[in-house]
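Below is one structure; the comments refer to it alone.
One-based numbering, in listed order, for ligands and for the atoms of each. Keep in mind that this is a model prediction, so the values were computed, not measured.
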Amino acid sequence: MNEVKVLDKTFRKSISHDKIMETVARMAADMDRDLMGKDPLFLSILNGAFIFSSDLFKMLQMPCTISFVKFASYAGDSSTGKVKELIGLSEDLKGRNIVILEDIIDTGLTMQQFLPVLEKKKPASVRIASLLYKPEAFKGSYSIDYIGMSIPNDFIVGYGLDYKGYGRNLKAIYTVI
Ligand code: 5GP
């Protein structure tokens, strides 16, 4: 399936499922190497990161825990840069080694607004992991510790990423034509 239609838009396959899984495995190995013995707490950003988080979490070998938080900063296919909502951060983060799991960092503004919220909870450390990264769009002033793949500044769907709620269940990643 090289082309798919999601609602009114057509997308072409740009990253195969095999390539994604290879990338997730490399990220998991890097995290195991860096965080073994540190009892990390993974914070998965819903909705988009749920598939990435699930695949990654199964590959981790070290003892670790995961929790899920949610905010929305994206309407349709253009980033608004506004965090409208943040729910689910009920964990005690004090002294914990946190790894934030994002599906994609685009402008980086969502994460930029989330980081001070986290810092207030006095974690021992905060690392950021994103499966995908759009360097041309990035406006953040923080560094990303684990980047799966850098991609062009085009709108994509699949592997958890949606267009108006649809397309998340595609196994590969597809770029809008
Ligand atoms: P940022 O604040 O970094 O600009 O945006 C982050 C969020 O925007 C991501 O978590 C994701 O939900 C959404 N996003 C950014 N780029 C894309 C894209 O190409 N496709 C989809 N489906 N969502 C995107």
Side-chain angles (χ1 to χ4, degrees), residues 1-17 19-21 23-24 27 31 41-57 66-89 98-120 126-177:
M1 220 180 17
N2 269 324
E3 273 187 22
V4 294
K5 201 154 192 294
V6 180
L7 301 177
D8 58 324
K9 290 191 194 292
T10 308
F11 295 81
R12 184 170 294 138
K13 192 189 276 186
S14 49
I15 309 172
S16 70
H17 184 68
K19 172 79 184 161
I20 297 170
M21 296 314 281
T23 303
V24 176
M27 294 175 83
M31 291 173 190
L41 166 60
F42 289 83
L43 285 186
S44 170
I45 311 292
L46 296 174
N47 294 328
F50 80 109
I51 292 181
F52 165 53
S53 301
S54 160
D55 283 340
L56 178 97
F57 202 65
I66 188 164
S67 191
F68 298 87
V69 294
K70 178 165 182 165
F71 40 63
S73 73
Y74 217 69
D77 60 353
S78 70
S79 184
T80 63
K82 281 193 209 112
V83 173
K84 295 175 203 131
E85 203 185 356
L86 171 63
I87 50 172
L89 193 58
I98 307 297
V99 184
I100 302 171
L101 299 179
E102 258 289 22
D103 49 353
I104 184 164
I105 294 184
D106 180 8
T107 64
L109 296 175
T110 309
M111 191 64 68
Q112 191 85 43
Q113 295 177 58
F114 183 53
L115 289 173
V117 178
L118 268 193
E119 290 298 345
K120 280 205 193 98
V126 176
R127 289 175 174 78
I128 299 171
S130 187
L131 176 65
L132 301 160
Y133 171 55
K134 292 183 181 171
E136 293 156 33
F138 189 66
K139 296 196 196 89
S141 56
Y142 53 89
S143 56
I144 305 166
D145 303 274
Y146 303 97
I147 295 175
M149 285 174 268
S150 292
I151 58 167
N153 196 8
D154 300 316
F155 186 71
I156 58 167
V157 291
Y159 197 71
L161 288 143
D162 73 307
Y163 171 51
K164 296 185 177 169
Y166 293 89
R168 292 192 198 277
N169 51 331
L170 295 164
K171 283 197 170 67
I173 288 171
Y174 294 78
T175 301
V176 73
I177 302 179

So is Q112 in contact with ligand 1, going by heavy-atom distances below 4.0 Å?
-> no
More than 12 heavy atoms of other residues, nucleotides or ligands under 6.0 Å from OH of Y166: is that the case?
-> no
Do L132 and Y159 have side chains that get closer than 4.5 Å, going by heavy atoms?
-> no
G108 to ligand 1, any heavy atom closer than 4.0 Å = yes
Would you check whether F155 reaches within less than 4.0 Å of ligand 1, judged by its heavy atoms?
-> yes
Of all heavy-atom pairs between R168 and F50, which one has the smallest distance, and what is that distance?
-> CD-CE2, 4.0 Å
Check ligand 1 against E102 and write out every atom of the ligand that is under 4.0 Å from a heavy-atom position of the residue.
-> 10 (O)
Do I151 and I15 have side-chain heavy atoms sitting under 4.5 Å apart?
-> yes
Note, S67 side chain near L43 side chain (heavy atom, < 4.5 Å) | yes
Are any of the N or O atoms of M111 closer than 3.5 Å to those of ligand 1?
-> no
For the pair F155 and F11, name the ring-plane relationship: parallel under 30°, tilted 30 to 60°, perpendicular over 60°.
-> tilted
Check each atom of ligand 1 against the heavy atoms of T110 and keep those under 4.0 Å away; list them by number with element.
-> 1 (P), 2 (O), 5 (O), 6 (C)
Keeping the roles fixed (side chain from S44, backbone from L101), state whether a donor-acceptor pair exists under 3.5 Å.
-> no
Number the atoms of ligand 1 from 1 as they appear, then name those within less than 4.0 Å of a heavy atom of D154, with their elements.
-> 19 (O)
Heavy atoms, side chains only, cut-off 4.5 Å: are L131 and L56 in contact?
-> no
Answer yes or no: is there a side-chain heavy-atom contact under 4.5 Å between L115 and I128?
-> yes
Which atoms of ligand 1 have any heavy atom of I156 under 4.0 Å away?
-> 18 (C), 19 (O), 20 (N), 21 (C), 22 (N)
Should you measure from each heavy atom of D106, which atoms of ligand 1 turn up under 4.0 Å away?
-> 1 (P), 3 (O), 4 (O), 5 (O), 15 (C), 16 (N)
Is there at least one pair of N or O atoms, one from L161 and one from ligand 1, spaced under 3.5 Å apart?
-> no
Taking only heavy atoms of D162, which atoms of ligand 1 are found under 4.0 Å from at least one of them?
-> 21 (C), 22 (N)
Under 4.0 angstrom from ligand 1, any heavy atom of D103?
-> yes
For T107, is at least one N or O under 3.5 Å away from an N or O on ligand 1?
-> yes
